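Working notes, beginning with the structure itself.
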Amino acid sequence: MPGKALVPYQKSARCAPQRKTVELERPPATPRPLVAKVARVIDEGTNLAFDRFEAQSDLGERVLADVPCEKSERPTEVLAALRKHNAALTTKASANAIQAAIDQPPPCYVRHAAQAGWYGGKQNAFVRPTHVVGAIPGIAEVLPPRPEPGKKRQIVFGNAGTVEGWQKGVARRARWSTRATLMLGVPFAGPLLRLLGMQSWGINLFGKTKAGKSTVEVVGGSVIGLGTEAALPSFKATITGLDKVAITSNDSALFINEAGLLGRNAYATLSPMIYGLSEGKDKVRASESVYASDAATSGWSLVYVLSSEHAIEALAAQAGTTRQGGEMARCLDVPAVHSGNATVFDRRPPGLTDEEFTCWAHHQMAEIREACAANHGVVFDAYLRGLIDLGKELKPRAKAYVDEFVSSLFLKDADGAVSHAARNFGTIYAGLRLAMDMGVLPPPWRALAVRRAVKACFRDGLKVSRLRDTTLEEAKAILHQRLTETPLPRKQEAQLDTDVGFRTTEGPDELVAIRSAEFARWFEGKPAHLHVLLTWLDEQGALRKSDAAKRPMGRGYEWAVTTPRAPGWKGKCIVLRLPIPK
């Protein structure tokens, strides 16, 4: 039958190829120890030493536990520390493994920095909350601050994307907004403050909702690793742990979202918070000058940004008072929109109508938020490496940029607070210029456009704060008029029933004492004038108080009262040193 074999074909065994299985000799795999000592750890924040042990959890995950050196030779302590982190260990089965790990010498030595920022105050390494940029000669490895066991981090930083992605998606769009430019410069200014010997300071960005305040805060946050609005710390978290949050942002920037969360008593909370953040301490401290701060010994150094629907000036007015002395220098109100624009975008591309520009601006805000979420943190590393590479050239160059900005403002007759605030904003300009110099902000970024943007924000901020200046000038005029009209005898001649005060001399100083109730009547119906005047007199050192550490609080003036003694006269008084400053 065609196509079909009558006898089935069988392959001869002699023709079949002979195959041999060759077994390769493999070295026996070294089993991974149940427990291993991985490092000797020095915590510079507490000056304590630990042995760091490693094990695996029930799910096969890596488990690390730091055991204080005075306890790290006890198997029970090591076991307990690892078990707290869910290590898959038991007392009997793991005893030998734990003892072997204890007997093992530390394979390496590492240091956890005391806090974030420039390591040791020098310019060769910068400690970020998640890693370290640069290197420290003579030290094998420095790690970020050691997290406190059981404590949750209040700010979670991260690195994502690329520098090029950030430049294209974030930086290019930020050029169309003076406020976004300002916020972009805030984290670039943070590492410069200690180098320039300047204290911490802040900005309150205020304006209506949906204008883009949070968007430009996220733009600034994207530089340091906060890519979304949810990543920004809230006012509630910041106030309850002010020192912890601020130290985490040392030599960098702190963005705090929405002061509206503070409610009716917003100013009563904001005022001490501003002093605390600006002075680099977790408590308000009295000092001879409201602008004085020992930058070398401060707990932190940073630029902070608050956001609110209202200016701090307005919040103070709602509380029936005015801003305390030095607050304008420490934290300047800056409106979120410029020249009547609907959003934070105030630089219009050519050819757009008003309606088209508003639609374009909202589209840019959506795009820039997406770009921040995809690219954040990495650009700060690039900026820090550039600062480190500048070496000794960094400080004079940064100072030159600050001086250039202040000179461009022509503030010849400005008071100390305005001049101080101008130098603060000058650090933002310096940070932006340095970022341009090292290519972090490449063309089309231009120096003149950057300076104009920062100047516009500063000028708009001064317009808001000038309200306080008018009140102070009126209060000073009232005081000079009353002192001229009111007869005040010498201390030895003062009578309890007829005189409201007296004059006296103490050493080189001539003093005048006015009954506190009478002094308050001089400003009857104008409590804000009384408050701002006493605050200003205290700043000038012209006010004698019973307790030099007392500061202006609330609407009252009891903090400024003292009780001088006279032969035929006594009572609570406001005591001033003459002549009253102009």
Side-chain angles (χ1 to χ4, degrees), residues 35-57 61-72 77-78 81-82 84-87 101 104-160 187 190-191 194 223-226 231 241 243-254 299-302 376-385 387-389:
V35 183
K37 185 186 294 183
V38 295
R40 172 68 54 82
V41 176
I42 306 298
D43 185 351
E44 295 181 346
T46 58
N47 286 324
L48 297 177
F50 302 83
D51 278 328
R52 180 164 292 171
F53 292 89
E54 178 189 54
Q56 283 191 329
S57 71
E61 298 172 336
R62 189 187 188 205
V63 168
L64 294 175
D66 289 352
V67 183
C69 284
E70 69 271 17
K71 299 179 180 180
S72 63
E77 295 285 353
V78 176
L82 289 167
K84 283 182 181 179
H85 297 277
N86 196 33
Q104 175 189 359
C108 66
Y109 291 79
V110 299
R111 287 177 175 268
H112 279 281
Q115 64 182 52
W118 291 113
Y119 183 76
K122 297 180 181 179
Q123 194 196 312
N124 49 15
F126 193 99
V127 180
R128 297 193 61 190
T130 54
H131 58 281
V132 176
V133 179
I136 301 93
I139 299 180
E141 185 177 10
V142 173
L143 300 177
R146 181 172 170 270
E148 296 182 45
K151 293 292 182 69
K152 198 174 182 181
R153 289 186 294 175
Q154 292 178 304
I155 309 179
V156 180
F157 296 89
N159 276 24
R194 285 189 195 270
V223 176
I224 55 176
L226 304 173
D243 53 341
K244 301 294 184 184
V245 174
I247 288 174
T248 303
S249 304
N250 181 45
D251 288 331
S252 181
L254 175 60
W300 58 77
S301 175
L302 52 82
H376 53 264
V378 289
V379 68
F380 200 48
D381 287 354
Y383 177 70
L384 292 172
R385 285 191 289 268
L387 296 184
I388 292 171
D389 290 343

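Since the model is a prediction, treat every value here as computed from it, not as a measurement.
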- Least distance between heavy atoms, Ala125 atom then Ile136 atom: CB-CD1, 3.5 Å
- Query: Mind checking what makes side-chain contact (heavy atoms from CB on, under 4.5 Å) contact with His85, not counting sequence neighbours?
  - Reply: Val63, Ala65
- Point-to-point distance, once rounded to the nearest 0.5 Å, from CG of Asn250 to CZ of Arg194: 4.5 Å
- Task: Quick one: pull up CG in Leu143 and NE2 in His131 and give me the separation to the nearest 0.5 Å.
- Result: 12.0 Å
- Ile247 side, atom CD1; Asp251 side, atom CG - distance, nearest 0.5 Å: 11.5 Å
- In short, Pro106 meets Ala39 closest at the heavy-atom pair CB-C, 4.3 Å
- Side-chain contact test, heavy atoms from C-beta onward, threshold under 4.5 Å: evaluate it for Pro191 versus Trp118 and give yes or no. yes
- Query: Which residue pairs pass the salt bridge (Lys or Arg N to Asp or Glu O under 4.0 Å) test when at least one of the two sits in residues 40-50, sequence neighbours left out?
  - Reply: Arg40-Asp51, Asp43-Arg146, Glu44-Arg111
- Query: Does any non-hydrogen side-chain atom of Tyr119 lie less than 4.5 Å from one of Val132?
  - Reply: no
- Message: I'd like to check the salt bridge (charged side-chain N to carboxylate O under 4.0 Å, His left out) partners of Lys84; sequence neighbours left out, ordered by chain and number.
- Response: none
- Query: salt bridge (Lys or Arg N to Asp or Glu O under 4.0 Å): which pairs involve residues 120-144, sequence neighbours left out?
  - Reply: Arg128-Asp381
- Message: Just to verify, what does Val223 make a side-chain contact (heavy atoms from CB on, under 4.5 Å) with, not counting sequence neighbours?
- Response: Trp166, Leu184, Pro187, Phe188, Val379, Phe380
- Within a strict 4.5 Å, meaning less than it, do heavy atoms of the Gln104 and Val35 side chains meet? no
- Item | Gln123 side chain vs Leu387 backbone, donor-acceptor pair below 3.5 Å | yes
- Message: Would the distance check show the side chain of Trp300 and the main-chain N or O of Asp243 forming a donor-acceptor pair, the cut-off being under 3.5 Å?
- Response: no
- Note on the structure: Taken in chain and number order and not counting sequence neighbours, the residues that satisfy side-chain contact (heavy atoms from CB on, under 4.5 Å) with Ala135 are none
- Query: Are the side chain of His112 and the backbone N or O of Pro144 linked by a donor-acceptor pair below 3.5 Å?
  - Reply: yes
- Message: Looking at every non-hydrogen atom in both residues, tell me the closest pair between Ala113 and Val142 and how far apart they are.
- Response: CB-CG1, 4.2 Å
- Partners meeting side-chain contact (heavy atoms from CB on, under 4.5 Å) with Ser249 (sequence neighbours left out): Ile155, Phe157, Leu254, Leu302
- Query: Distance from Leu82 atom CG to Asp66 atom CG, nearest 0.5 Å?
  - Reply: 10.0 Å
- Please round to the nearest 0.5 Å and tell me the distance separating atom CZ of Arg52 and atom NZ of Lys37. 13.5 Å
